[in-house]
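For reference, the structure discussed in these notes is given below.
Because the structure is predicted, anything quoted here is derived from the model rather than measured.
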Amino acid sequence: MTHAPVTAPALTAIEQRVLWLATAIVHQANRVRPNPSGLKVGGHQASCASLVSIMTSLWFRHLRPEDRVSVKPHASPVLHAINYLLGELDEAHLPTLREFGGLQSYPSRAKDPDPVDYSTGSVGIGATAPIWGALARRYLTTRGSNAGTGRQYSLVGDAELDEGAIWEAILDPGVAELGEIVWIVDLNRQSLDRVVPNIAAGRLQGMFDAAGWQVLTLKYGRLLEELFTRPGGAELRARIDGMPNPEYQRLLRCDAAQLRDRLPAGDAALAELVASLDDETLLAAIRNLGGHDLGSLDEVFASIADDRPTVIFCYTVKGRGLPTQGHPQNHSSLLTVAQMEELATSLGTDLSSPWEGFADGSPEAALCAEVASRLRRPDVPSAPSLDLPVDIGRTPSGTATTQAALGRVLLDLTREAPEAAKRVVTVSPDVSSTTNLGGWVNKVGVWSATERRDWFEDDPETIMHWREKPTGQHVELGIAETNLVGLLGELGATWSRWGEPLLPIGVMYDPFVERALEPWSFGIYAGGQSILIGTPSGVTLAPEGGAHQSITTPSIGIEQPGCVSYEPAFAIDTEWTLLAALGRLGKPGGTSSYFRLSTRPVDQTLAAVPTDPAARERRRRQVVAGAYLLRRASEPAVTLAAMGALVPDTLAAAERLAQVGVEADVVCVTSPGLLFDAVQARSGRGEGSSWILDQVFPASRAKPLVTVLDGHPHTLAFLAGINRVSSVALGVTKFGQSGSLEDVYRYHGIDADAIIRAALDAVS
């Protein structure tokens, strides 16, 4: 939507003020603010300059309050400058870029003091976030929530298109239906270190077109377009179109005399056109790219269609308007004080008073006030609290896996807490059936913006039904883990965007969790609260071999901020911990969770769930807090602490040890991260409580310790420090082998025999 025409001089003046403010924000942080350490503060004045015109046009002419924008990381000062002019950022924050507690290096929803729609900073993740934000909004809308409408803009640097996560998102089949998506590519033809040597725009445009996007290109501004109509104009267009990127960038560094010598390249008609231009016009023409022409930007924004995603390739100059414009090493270069003074003079500002606003009553001040009023959003309503059970009350029997227990708990939730269950949304990268979500998907259906016919509904051999409808609660993506966690982050942020909490659960194969860890971590940083389930896990997936056996994932819960991890051993542990994890979602101060589940069938009677209600509740609290004493010896000589799929082998080892006169306590660890937090809290180095240590690892029963898990042994090695006992840490430290469970466990030294040997060594 284009708004009523504004006075061109006022908009141009605002554009120039945004350029000045963004540049001054970086200058203040590096050359004015005291820096006792002498370490480089950094910032990106040139990267800001290439987006100033685009962002000025977008904010002051086209944005609506319901729209959302993801700003490329290095242009964060431009966003802060605009927010300042609109009254959304106090002047006191402007000198604080990259200062402790100040403006963040890159836009941050959680930490910046002014409005930021999407956190950016990790290449590719911020650019794709609006895709998943659009899908999350549509999901809420189809389920009756008032999440509104609006475009989802991504301001993307052209070098960022090298990131594979971008193309994974673009190629997902459902993305082509999201007409509210608009990407604006800042095509300045430079990356961090160099000028990009090849002209890749045509190839990139073809790739977007093949994915079903509307492709718009804004290459030249109105001055150049007018020159192209003159005699010699066709030759000028052909010359600029055909020259390699580095040559064009070099022309930006030339004075008028050098341009007259270099630009014609022997073409008589072009030389005649160049000769007819005065120096000022010639210098302006070579810089007159569409991404810096406010009128041309107006036209291209008005051309956006809403029936499919749109990408706009806006040609720009990195460093436009600065002395460093076009230089191949300008990415992190800083203007000198003399250059800043010269810039201030040219832009009508004052370096000694860099934050001066527009005069009251001026057209510029009036325009800023009008835009601020137009873009003001209503306050986000408080998210409702959800009534979730902590214990469904059933005691599993027989043989079951923790992976199967996941599906069982979700189905139970639809009966025990239907209102909360309606807010659960599961996401999978084409592995729903193989991760035991089939029953859940059959029950709730697959989400789709429109209902689609299930052609296999009447097929008697079809077990898993694929009913796609707007009320479905499972979202199926293509095989791309980064897409899954990107969507999880946005589904997990709806409570803070629209006051509508969702309970998102993403399920993927555990060996691929590390592939998705960076974007999932960034989603947590940005405020997205979700549950990530990796299953099946570890070398317990014995026949699959080393490539599909996860080793390092158990320590994620210790190392990942904003996340609680669980690796339950039994179905009842899975239920209790999953319900607790769901209870942490969708609210201020909430946290995400990571679950590591297994396909190993386990005798559920080994869990020895207490029958007394009070004792059962005590066990549940311990399970949720990180560990419980599963086998209590009368006179223990050793403690065996095990996690997940290794608990049955550990119990078997304890029984055999008892036969040779060595009694063992067996502790079932459900969350090494929570236990580590308790250790830190006990020593005064963390928040929270340490009560679980007193109950599960009391000093009165401190004995030599053997830890064992289906993963790297360092995950549980810290437990020996609770009571400062001698210990042996068993686990997996090398790539696995295909084979039977017995063979693989024996190969890694985590079978019952290995546990017994370690226990005897520990007590000897």
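For the atom pair CD (Glu342) and OG1 (Thr336), the distance works out to 8.5 Å, reported to the nearest 0.5 Å. Atom CD1 of Ile240 and atom CG of Leu263 lie 6.5 Å apart (nearest 0.5 Å). The CG atom of Leu375 lies 10.0 Å from the CD1 atom of Ile82; values are rounded to the nearest 0.5 Å. Between the CD atom of Gln339 and the OG1 atom of Thr23 there is a distance of 11.0 Å, given to the nearest 0.5 Å. Note that CG of Leu297 and CZ of Arg61 are 11.0 Å apart. Values are rounded to the nearest 0.5 Å. Here the CG atom belonging to Leu21 is positioned 11.5 Å from the CG atom belonging to Asn83, to the nearest 0.5 angstrom.
Counting only distance, with no hydrogens or angles, the side chain of Asn30 and the backbone of Val26 share a donor-acceptor pair below 3.5 Å. Under a 3.5 Å cut-off, the side chain of Asp293 and the backbone N or O of Gly295 do form a donor-acceptor pair. In this structure, Ser303 contributes its side chain and Glu299 its backbone to a donor-acceptor pair below 3.5 Å. Judged purely by atom type and a 3.5 angstrom limit, Glu160 uses its side chain to pair as donor or acceptor with the backbone of Gly124. Under the 3.5 Å distance criterion, the side-chain polar atoms of Glu481 are left unmatched by any main-chain donor or acceptor of Arg515. With hydrogens and angles ignored, the 3.5 Å screen pairs a side-chain donor or acceptor of Ser154 with a backbone N or O of Ala127. The main-chain N or O of Lys587 is found under 3.5 Å from a side-chain atom of Gln529 such that the two form a donor-acceptor pair. At least one donor-acceptor pair under 3.5 Å links the side chain of Thr120 to the backbone N or O of Val71. With hydrogens and angles ignored, the 3.5 Å screen pairs a side-chain donor or acceptor of Ser592 with a backbone N or O of Ser530. Between the side chain of Arg68 and the backbone N or O of Gly150 there is no donor-acceptor pair closer than 3.5 Å.
Taking every heavy atom of both residues into account, Val52 and Val18 meet most closely at CG1-CG1, 4.1 Å. Of all heavy-atom pairs between Ile181 and Pro130, the closest is CD1-O, 3.4 Å. Contact detail for Gly290 and Ser296: the closest heavy-atom pair is O-CB, 4.2 Å. Taking all atoms of both residues into account, the shortest heavy-atom contact from Leu585 to Pro504 is CD1-CD, 4.1 Å. Summarising the geometry of Cys368 relative to Ile14, their closest heavy-atom pair is SG-CD1, 3.9 Å, with the distance given to 0.1 Å. The heavy-atom pair separating Phe522 from Ser119 by the smallest distance is CE2-O, 3.2 Å.
Heavy atoms of other residues, nucleotides or ligands lying less than 6.0 angstrom from CD of Glu226 number more than 12. At most 12 heavy atoms of other shown residues, nucleotides or ligands fall within 6.0 angstrom of atom NZ in Lys111. Surrounding CG of Asp255 are more than 12 heavy atoms belonging to other residues, nucleotides or ligands, all under 6.0 Å away.
Residues Pro561 and Tyr525 fail the side-chain proximity criterion, which asks for heavy atoms closer than 4.5 Å. Proximity of Leu97 to Val41: side-chain heavy atoms (C-beta onward) are nowhere separated by under 4.5 Å. Residues Ser105 and Arg98 form a side-chain contact, since some pair of their non-hydrogen atoms from C-beta on lies under 4.5 Å apart. No side-chain heavy atom of Trp520 sits less than 4.5 Å from a side-chain heavy atom of Leu484. Proximity of Thr128 to Glu163: side-chain heavy atoms (C-beta onward) are nowhere separated by under 4.5 Å. No side-chain heavy atom of Thr316 sits under 4.5 Å from any side-chain heavy atom of Asp158. At least one side-chain heavy atom of Trp59 sits under 4.5 Å from a side-chain heavy atom of Leu79. Looking only at side-chain heavy atoms (C-beta outward), Leu517 and Gln560 come within less than 4.5 Å of each other.
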Apply side chain to side chain contact (heavy atoms under 4.5 Å, CB included) to Tyr153 and Met55, showing your working. CA-CA 11 Å; Tyr153 291 91; Met55 292 179 67; over 6 Å; no
Determine whether Thr324 and Gln45 satisfy the following criterion, side-chain hydrogen bond (donor to acceptor under 3.5 Å, both in side chains), listing intermediate values before the conclusion. CA-CA 9 Å; Thr324 56; Gln45 291 172 327; over 6 Å; no
Does the side chain to side chain contact (heavy atoms under 4.5 Å, CB included) test come out yes or no for Leu89 and Leu103, once each step is laid out? CA-CA 10 Å; Leu89 181 66; Leu103 298 176; 4.2 Å; yes
Decide side chain to side chain contact (heavy atoms under 4.5 Å, CB included) for Leu251 and Met243; before the verdict, give the C-alpha distance in whole Å, the side-chain angles of both, and the deciding distance to 0.1 Å. CA-CA 11 Å; Leu251 293 181; Met243 68 176 60; 3.7 Å; yes
Give the intermediate values and the outcome of side chain to side chain contact (heavy atoms under 4.5 Å, CB included) for residues Ser373 and Glu370. CA-CA 5 Å; Ser373 175; Glu370 184 274 323; 5.9 Å; no
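By the side chain to side chain donor-acceptor pair (under 3.5 Å) test, Arg287 pairs with no residue at all, sequence neighbours left out. For Asn35, the side chain to side chain donor-acceptor pair (under 3.5 Å) partners two or more places apart in sequence, or in a different chain, are Ser37. Considering only residues two or more places apart in sequence or on other chains, Phe358 meets the ring-ring contact (aromatic ring centres under 6.0 Å, His included) condition with none of them. Take Arg497 and apply the salt bridge (charged side-chain N to carboxylate O under 4.0 Å, His left out) test, not counting sequence neighbours, and it matches Glu490. For Thr349, there are no side chain to side chain donor-acceptor pair (under 3.5 Å) partners two or more places apart in sequence or in a different chain. Not a single side chain to side chain donor-acceptor pair (under 3.5 Å) links Thr494 to another residue, sequence neighbours left out. Partners of Phe313 according to the ring-ring contact (aromatic ring centres under 6.0 Å, His included) rule, which considers only residues two or more places apart in sequence or in another chain, are Phe208. By the salt bridge (charged side-chain N to carboxylate O under 4.0 Å, His left out) test, Asp186 pairs with Lys72, sequence neighbours left out. Residues satisfying the ring-ring contact (aromatic ring centres under 6.0 Å, His included) test with Tyr220, not counting sequence neighbours, are Phe228.
Using cut-offs of 30° and 60° for the angle between ring planes, the His74 and His44 rings count as parallel.
Counting only residues at least two apart or on different chains, the salt bridge (charged side-chain N to carboxylate O under 4.0 Å, His left out) pairs with a member in residues 15-37 are Arg33-Glu99. Within the structure, the ring pair (Phe, Tyr, Trp, His ring centres under 6.0 Å) test picks out no pair touching residues 76-104 (sequence neighbours left out). Sorted by first and then second residue, the salt bridge (charged side-chain N to carboxylate O under 4.0 Å, His left out) pairs with a member in residues 75-95 form an empty list; sequence neighbours excluded.
Side-chain contact of Arg109 with Ser496: a donor-acceptor pair under 3.5 Å is present, judged by distance alone.
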